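Computed from a prediction, not measured in an experiment: that's the story for all the values here.
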Amino acid sequence: MSATFHLILSYLLKVGAVAMVFNEVRGLVLAAPVLYGMYTSGGTAMAIWLGICALGGIALSVIVPLFAYKKLDKLVKSKAPVEQSA
């Protein structure tokens, strides 16, 4: 049962890794209009502040799942059944 649970968590983490790649692409797609808007506004203080806030939110939505993945991966590896060599 423990090995099955470990296998299921391992597959879920692999699927999560693929989803995180798509999340990175989504972050880049969302950042492009923000940067373009800052450029076309002439770099006013308000545009820069709004751009920093928008990019910070996008960065959090991309970086937080990375940390969660690393923590879950470490947890799964620590809970993995120990293989005995014969």
Please tabulate, one pair per line, all N/O donor-acceptor pairs under 3.5 Å involving side-chain atoms of residues 33-40, not counting sequence neighbours.
from, atom 1, to, atom 2, distance (Å)
T40, OG1, Y36, O, 3.2
T40, OG1, G37, O, 3.2

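The hydrophobic cluster containing F67, built from Ile/Leu/Val/Met/Phe/Trp/Tyr side-chain heavy atoms closer than 4.5 Å, also comprises I63.
Here I48 contributes atom CD1 and S41 contributes atom OG; the two are 7.5 Å apart, rounded to the nearest 0.5 Å.
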